[in-house]
Structures are given as structure tokens and as C-alpha cells.
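Order of the sequence lines sets the chain letters (A, B, ...), proteins ahead of strands, with each chain counted from 1. All figures in this text were calculated on a predicted structure; none of them were measured in a lab.
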Amino acid sequence: MFKIAAKGSALLIALAMTLGVVQNSVAADKPFAQKKIVLQISDPNPFKQTLVLNVANNLQKEYGVDGVEIEIVAFGPGLRLLFADNANKGRIQALASSGVEFRGCSNTKKNMAKKLGHPPVLNPIAKVEGPGVVRIVKLVTEEGYTLVKP
Amino acid sequence: MKQALKKAALAAACAGSLAATMQAQAANWLMLQGAEPSSAAGRAKVWGFLQPTYTSMKGTEVAAGGWNGSPAQFNMQPPHLSTSKGFDLRRARIGIRGQGFPLDPKVNYFFLAEFGSNGITWPNGGDGQARITDASVTLSHIPGARIRVGLFKTPMSEEMYQGIHVFDYINFTNFGFQQLLERFMTEDGSGAPGSAGVNAPNGPVNAVRDQGIQVFDTFKTGGWDTSYSLMVGNGNGINRADNNDQLDKYFYLSTEKVYAGKGPRVQSLKLYAWAISGKRDIIVTSAGTGVPERFDRKRNGIGMTFRKGAYRAAAEILRADGMIFAGTDGGAKAGSIGCCGAASGQPAGFNMLPDDKADAYYVHLGYAVTRALELDIRYDTMNRGTETDAGERKFTTTTLGAQWFFNLKTRLVVNYEIRDAEAPNLPSTDNANKILSEMDNRLSLQITSIF
């Protein structure tokens, strides 16, 4: 009886550990990342678009693709970076392929829709959930990210 | 192993994206001047350039003929023609460009004004006046057919169509200066001075620009960027309305293999062809009617440019049919009073050959010795007035050049032009050959500062 109970407990613990690993791997695509960086782009200056992409690229060069988690949060005039027809879409695609997350601001999207008369068409790579600044606060205060604003 | 694979994938993705970026912004003047990077341009980018220039010629006077002893037009410094050597501000341009409403990448504009000292601002050396040279709006709503309207450079010979702030030389080729940089005249100067007095351009040079509408775009096929442009315009220069109900038609086609880089100094091989066709009204003074007659004005060319690593090259064959600019009476500075013979007491004026032809070619080679120093050589030749033996003139110039780049935006250009001209079908003792043989060589220095 005790033996069966012990075996059952061990199985449950193993199952729980396995689930835990699975859950962790879902929560973080890069479990071995040494750094977590959130890059903010909110500037109308088009040069900043190039700059923020360069910084993301340089961070990956420095820490390795698996060594750094990068999320680029675009809001305000900076959301133009994530327009579907942006001239930098090739670079954005390449960075996304190597694990860089792109997130747009839902408030900015709504405001731009008012000015345009229709919602802006965004790059399908971009996730748009909630205000961009709230996303930055969450990443910095709850998930240990460092904010960099090139 | 997995790490290595990921890194390899990243490198490949980066390389791919870099290539995509280069292609997306491949340099061609149609796109560089008429479009903006989509969703990546500012509302109003202020830019411009300055070109203070020093020119020196001997100032040899007209050596024969009715204006013997007068200053020779071709040995004086335009546009004022008051000296054969000295400083001038060849160009001083400031402009604004961008997407006025940044959320809409399908609309952009381009504005540029000239404050320097040249044929745009000082036609015939007269009263100086700053002028708008470019003011256009581009609409990119139709895939494959961008529409540009307003005043802007017309696609043509690479020498003239390129952004002048990255031109490797200071002065244009003979054909570019005489047959592409159009002077508009009321009379052709073929007879005695007419009602207009000294025959001279009636406004600024066209600065290879026109007011009109253009359809253009670039397509990427098999690693080549192929561009086209179709345009109609007034054909009456900058800042003026049409004057004869006849629109000029412009055609341009190019294909460009981009090796590396982007912008005006992209490394690439480009092949192109172009043609311009229009009508001009001008009084043939020798006919004595005083009524303008209508003539064709056609220009066309086929050429190539190459730039890779330290090597640069360009070549073009050009032709002109109608409205051939033919310099001044007796080669004298316009307004000079004749000394003898039939010209005695007569002012020298400009001449146009409305029903004649010209042809030309040029070859340019360049080599970047270091990052800062580039050496250039250009040979250009033009036969003008080829329809008659007596009227034909041949101009040949070999230009030796050096460019010193202080930085990417500021450079010094030094040119020494070995200039020759002749009337090839006339004896060397003919006055035309005596005059043309006195064409001076020309030394020029110019700083270009782009901001």
C-alpha cells in the first residue's frame, strides 16, 4: 500500500515538474536569456526607426540571439514603424524571426483611425493589446525588463 | 549545435533583410527625387547645399572677325560675364521634403529654391532673383503608377538628371551645357538685330525642369530594379506658363543592378534610355516676317553608369534635333559692339539653329584612391549644327578631376578642363577657326557642403 502510494506520489511530482518546465518554456521563449530589454519608440523622427532596429540588432550581436529577450513597444508617432508598408519591414521581419517581439499601442491605433478615417493597416507581426506605455510599465516593474529609449 | 543553427539562421535572416532593405531603397533618381521611404519619412525635412566656386581662365579675346578684340563669351565666367576669373556662389539651394501628413505614406512633396548665382537666378547677368526650382506633390495610390505633379526635374541624361550636389564635376559637358540646359529665345539671331535688340534668352534657363505631370515607378525583377517614367509638361521652363499650346513629352526607362549601399552613391550598374519631344515658337529674323515659326525640339540619349568598390564609370550617347543652341555672334560676349565689316557697330547676340541637329557622347572614369580622395577623368565631344558644312562646330573637352571628401557631406572638387573647339569643315584660316582656337582651358575649384 505504502509502496503504491510512494510510486503514485513520485509520478505526480514528476508530472508536476514536467508541466512546470512546459509552462516555463511557454512563458519565456528564451529561458537562458541573461538580459531583458524593452525598446521604446514614440518619436516622429524617421531616423529613430532605423536607430531602434539597429539597437535591437546590436543587442543580439552582443548577447547572442538566445541571450537577450527584446520587445519593441511602439506608441504615439512611433507606431508608424509597425505600419504594414513601412520601408523597414524587411528588417522587422528578420528581427521577428530571431525572437524580437513587436508590440503596438491600442490607444494610438484608435487615435490614428480617427485621423485617417479608418484603422491603420499594421504589420501582422505586431501585437496590439492595450496601451503601449502600460505594457512598458508591466515589463519593467513585473518582469524585470530594462527600458531603453534610443 | 542548436545555438549554432540559430545563429546561422539569424545571420541568413539579417543578410536577407539587409538585401531587402537595399533593394527597397535602391538608388534611382526617379525614386530619390519623387518619392519617400514609405511610413519612414518625416513631415518636413529641411535640406540643401552650398557650392562656392572659383574659376580661372586666361580671358583670351575674340581673335578675328567682326567682333575682333571683344571679350570672348566662352572665356568669361557666366552668368555675369564680367570677368574670366573669380569667386562666385554657383549654387545655394534650400528645400523641404517629406510626407505632410505622416500617417499617409501615399502622399509626399518636394520643394527647393535657388539663391545662388547662375542662369536660373541671373539670366543674362541681369537682375538677380531667387527662384523656386522644384515644387511637386507625388501621389502613390495606384500600384505601379505613382503620379507626380508640379515643377520638377525631367528624367533625361544622367549627367543632368542626377542630384547636382553629388555631381563628380563642376561644369557640365558641352552637350549638357549647350543643348540640354535650355535657353528660351524670342528670335533666332539669324539676321540683323530684331525688335528685341540684342538677341538673348527671355528668361531663366530651364534648369532641366518643367511643369507638368509624370507617371513613374520602379519594379524589382530578378535582382534588377527597372524604372519607367512618362511625362508631359509645358516645355517653357521654370516659373512660366505654357506659351504655345504644345506640351513636351518625356520618356525614360532604366534598369539597375544594385550591388551594395543605397542613396545617391549606391554601388550599381545602370542602363538607361530617354527621349524628349516638344515644339518651340521662334522668330527667324533672317526671314524678315517678324512672325514666330514653329519647330521641333527633340533630345534623346542612351547611357550607363557603374559604381562598385573603388571604381566608377559612366558613358552616354546623345542627340539633339531642332532648337540647337549656337552661342553668340562671332564668339563675342553678348552685347559687345562689332568693330568692323558688316558687324561694325552691331551688338553681338545669341543664336539658335531652329532646324539643325547636334550629336555627342561622353565617357567618365573614376577611381577612389582612398576613402577621402577620388580621381576622375571625363572626355566629352559634341558636333553642333551638323546639317551644314559651314555651320558645324565641334567641341571637345577633357576634364581632369580630383575630389577630396572632408566627410560624407562636404567635399572639394578641383577640375582642369582642356577645351578645344573647331569648325571641322572650314579651313584653319577661316575666322571661325581662328576664334575657336582661342578657347581657353579652365581651372575650377568648388566646395560642396550638403546639409
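Surrounding CZ of A:F47 are at most 12 heavy atoms belonging to other residues, nucleotides or ligands under 6.0 Å away. Other residues, nucleotides and ligands contribute at most 12 non-hydrogen atoms within 6.0 Å of the NZ atom of A:K35. The number of heavy-atom neighbours closer than 6.0 Å to OH of B:Y311, taken from other residues, nucleotides and ligands shown, is 12 or below.
Both the backbone and the side chain of B:A40 have a heavy atom closer than 4.5 Å to some heavy atom of chain A. With a 4.5 angstrom heavy-atom cutoff, A:Q49 touches chain B only via side-chain atoms. Contact annotation for A:N45: neither backbone nor side-chain heavy atoms come within less than 4.5 Å of a heavy atom of chain B.
Between B:L103 atom CG and A:M112 atom CE the span is 4.5 Å, to the nearest 0.5 Å.
Although no hydrogens or angles enter the test, the distance criterion places no donor-acceptor pair under 3.5 Å between the side chain of A:D85 and the main chain of B:S38. In terms of modelled atom types and a separation under 3.5 Å, the side chain of A:R80 and the main chain of B:P105 share no donor-acceptor contact.
The nearest pair of heavy atoms linking B:P37 to A:A87 is CB-CB, 3.8 Å.
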